[in-house]
Enquirer: 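Starting off with a structure, shown below.
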Amino acid sequence: MKVSPRRRARECAVQAIYSWHISQNEIEQIELSFVSDQDMKGVDMPYFRKLLRGTVEHIEDVDLSLRPFLDRDENEVDPIERSILRMSAYELQYELDVPYKVVINEGIEVAKVFGSDDSHKYVNGILDKLAIKIRNNR
């Protein structure tokens with residue numbers, strides 16, 4: 001099945017956010033090395049940059065929005081799951097043209113690719129609650 005350019009953008013953004021979280025390097029450096037070292041074929045590059053830079057730029061608000069829904073301290077959340085949650089929370093809060101159901105589904109699908117066996121269930125549970133709070137759609 002062909003993956004959409006936006007899905008590829010989300011997958012790459014999660015990897016780059018993870019790299020930023022682990023390395024604590026400047027986001028510009030992370031983006032540059034990611035774009036030059038990874039296969040970016042089929043990626044919606046403007047959306048990749050928007051997700052990556054937006055998530056990092058708003059990281060305090062993003063983390064604050066997630067905290068009430070985590071079942072443990074945020075530093076104990078698996079770094080890949082945390083990166084997925086951060087990107088999805090950013091998207092729910094700041095990319096209002098993207099329907100909340102799409103954001104949740106995409107977070108789940110990215111978790112299936114990069115997370116542990118049940119991480120997509122964890123991501124789904126948190127994003128469902130977060131979407132209600134942020135988008136008031138249910």
Side-chain angles (χ1 to χ4, degrees):
M1 187 176 105
K2 186 164 172 26
V3 177
S4 74
R6 280 246 169 138
R7 167 85 49 84
R8 288 279 299 128
R10 288 179 180 96
E11 290 173 353
C12 291
V14 162
Q15 291 175 286
I17 292 164
Y18 171 84
S19 178
W20 170 78
H21 172 74
I22 298 298
S23 71
Q24 294 297 305
N25 290 333
E26 293 295 321
I27 197 60
E28 295 80 10
Q29 182 184 350
I30 296 287
E31 182 182 321
L32 180 64
S33 67
F34 196 87
V35 169
S36 44
D37 295 346
Q38 300 296 317
D39 175 12
M40 302 301 282
K41 185 176 180 214
V43 174
D44 179 338
M45 288 303 293
Y47 205 65
F48 162 76
R49 286 192 170 95
K50 185 187 277 194
L51 289 174
L52 175 60
R53 290 177 175 263
T55 300
V56 172
E57 181 182 327
H58 297 285
I59 198 68
E60 289 85 8
D61 290 339
V62 164
D63 284 350
L64 188 63
S65 72
L66 287 167
R67 275 185 202 121
F69 306 109
L70 299 177
D71 62 349
R72 59 194 103 141
D73 184 271
E74 62 196 26
N75 294 313
E76 294 174 15
V77 175
D78 176 84
I80 285 287
E81 290 175 2
R82 191 170 179 194
S83 298
I84 295 166
L85 289 169
R86 284 172 152 177
M87 178 196 68
S88 299
Y90 163 79
E91 208 170 3
L92 280 170
Q93 292 175 66
Y94 297 99
E95 300 302 324
L96 300 179
D97 60 316
V98 180
Y100 75 95
K101 288 182 179 181
V102 171
V103 175
I104 293 169
N105 185 61
E106 290 293 307
I108 291 166
E109 293 304 317
V110 172
K112 287 178 181 177
V113 173
F114 296 115
S116 60
D117 287 346
D118 286 335
S119 67
H120 67 281
K121 295 175 187 172
Y122 183 68
V123 166
N124 183 28
I126 291 171
L127 293 180
D128 271 343
K129 294 173 194 153
L130 184 63
I132 292 167
K133 178 184 172 208
I134 291 176
R135 299 275 184 104
N136 295 317
N137 282 353
R138 297 190 192 181

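Only this structure's heavy atoms are used, side chains among them; waters, hydrogens and symmetry mates stay out.
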Enquirer: Taking only residues two or more places apart in sequence, or in another chain, which ones meet R72 in a salt bridge (Lys or Arg N to Asp or Glu O under 4.0 Å)?
Expert: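 R72: no salt bridge (Lys or Arg N to Asp or Glu O under 4.0 Å) contacts found.
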
Enquirer: Looking at residues at least two apart in the chain, or sitting in another chain, which of them share a side chain to side chain donor-acceptor pair (under 3.5 Å) with Y18?
Expert: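 None.
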
Enquirer: Considering the options R7, K112, K101, R8, which one meets the salt bridge (Lys or Arg N to Asp or Glu O under 4.0 Å) requirement together with E106?
Expert: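 Filter result, single survivor: R7.
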
Enquirer: Which pairs count as salt bridge (Lys or Arg N to Asp or Glu O under 4.0 Å) when at least one residue sits in residues 36-47, sequence neighbours excluded?
Expert: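 Qualifying pairs: R6-D44.
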
Enquirer: With side chain to side chain contact (heavy atoms under 4.5 Å, CB included) as the test, would you mind laying out the steps for V35 and F48 before giving the verdict?
Expert: CA-CA 10 Å; V35 169; F48 162 76; 3.9 Å; yes

Enquirer: Less than 4.5 Å apart, any side-chain heavy atom of E74 and any of L66?
Expert: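 No; the side chains remain at least 4.5 Å from each other.
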
Enquirer: At what distance, to the nearest 0.5 angstrom, does CD1 of I126 lie from CG of L85?
Expert: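 Output value for this atom pair is 5.0 Å.
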
Enquirer: Got a sec: does the CD of Q38 have more than 12 other heavy atoms crowding it under 6.0 Å?
Expert: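 Result for CD/Q38: enclosed.
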
Enquirer: I'd like to know whether CG of D117 has more than 12 heavy-atom contacts from other residues, nucleotides or ligands below 6.0 angstrom.
Expert: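 For D117, atom CG is not crowded (no more than 12 foreign heavy atoms under 6.0 Å).
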
Enquirer: Would you mind checking if R10 and E91 are paired as a salt bridge, meaning a charged N to carboxylate O distance below 4.0 Å?
Expert: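 The answer is yes: the pair qualifies as a salt bridge.
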
Enquirer: Checking side chain to side chain contact (heavy atoms under 4.5 Å, CB included) for the pair I108/I104: CA distance, chi angles, key distance, verdict?
Expert: CA-CA 6 Å; I108 291 166; I104 293 169; 3.8 Å; yes

Enquirer: Out of curiosity, H58 NE2 to D63 CG, how far, rounded to the nearest 0.5 Å?
Expert: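 One gets 13.0 Å once the value is rounded to the nearest 0.5 Å.
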
Enquirer: Output all residues satisfying ring pair (Phe, Tyr, Trp, His ring centres under 6.0 Å) with Y47, sequence neighbours left out; order by chain, then residue number.
Expert: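 In terms of ring pair (Phe, Tyr, Trp, His ring centres under 6.0 Å), with neighbours along the sequence ignored, Y47 is linked to no residue.
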
Enquirer: Test side chain to side chain contact (heavy atoms under 4.5 Å, CB included) on E31 and W20; report intermediate values, then the result.
Expert: CA-CA 9 Å; E31 182 182 321; W20 170 78; over 6 Å; no

Enquirer: Looking at every non-hydrogen atom in both residues, tell me the closest pair between A16 and I30 and how far apart they are.
Expert: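 For A16 versus I30, the nearest heavy atoms are O-CG2, 3.5 Å.
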
Enquirer: Give me each pair satisfying salt bridge (Lys or Arg N to Asp or Glu O under 4.0 Å) with a member in residues 118-127, each pair once, sequence neighbours excluded.
Expert: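 Of all non-adjacent pairs touching residues 118-127, those that pass salt bridge (Lys or Arg N to Asp or Glu O under 4.0 Å) are D118-K121.
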
Enquirer: Of all residues at least two apart in sequence or in a different chain, which pass the ring pair (Phe, Tyr, Trp, His ring centres under 6.0 Å) check with H120?
Expert: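 Result, ring pair (Phe, Tyr, Trp, His ring centres under 6.0 Å) vs H120: none returned.
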
Enquirer: Side-chain contact, heavy-atom cut-off 4.5 Å: K129 with P68?
Expert: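 Not touching, per the 4.5 Å side-chain cut-off.
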
Enquirer: Determine whether Y122 and D78 satisfy the following criterion, side chain to side chain donor-acceptor pair (under 3.5 Å), listing intermediate values before the conclusion.
Expert: CA-CA 11 Å; Y122 183 68; D78 176 84; over 6 Å; no

Enquirer: Got a second to check how far I80's CD1 is from I17's CD1, nearest 0.5 Å?
Expert: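 Rounded to the nearest 0.5 Å, the CD1-CD1 separation comes to 10.5 Å.
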
Enquirer: Side chains of R82 and N75, heavy atoms from C-beta outward: is any pair under 4.5 Å?
Expert: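 Side-chain contact under 4.5 Å: yes.
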
Enquirer: What residue among E57, K50, E95, R53 forms side-chain hydrogen bond (donor to acceptor under 3.5 Å, both in side chains) with Y90?
Expert: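 Result for side-chain hydrogen bond (donor to acceptor under 3.5 Å, both in side chains) with Y90: E95.
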
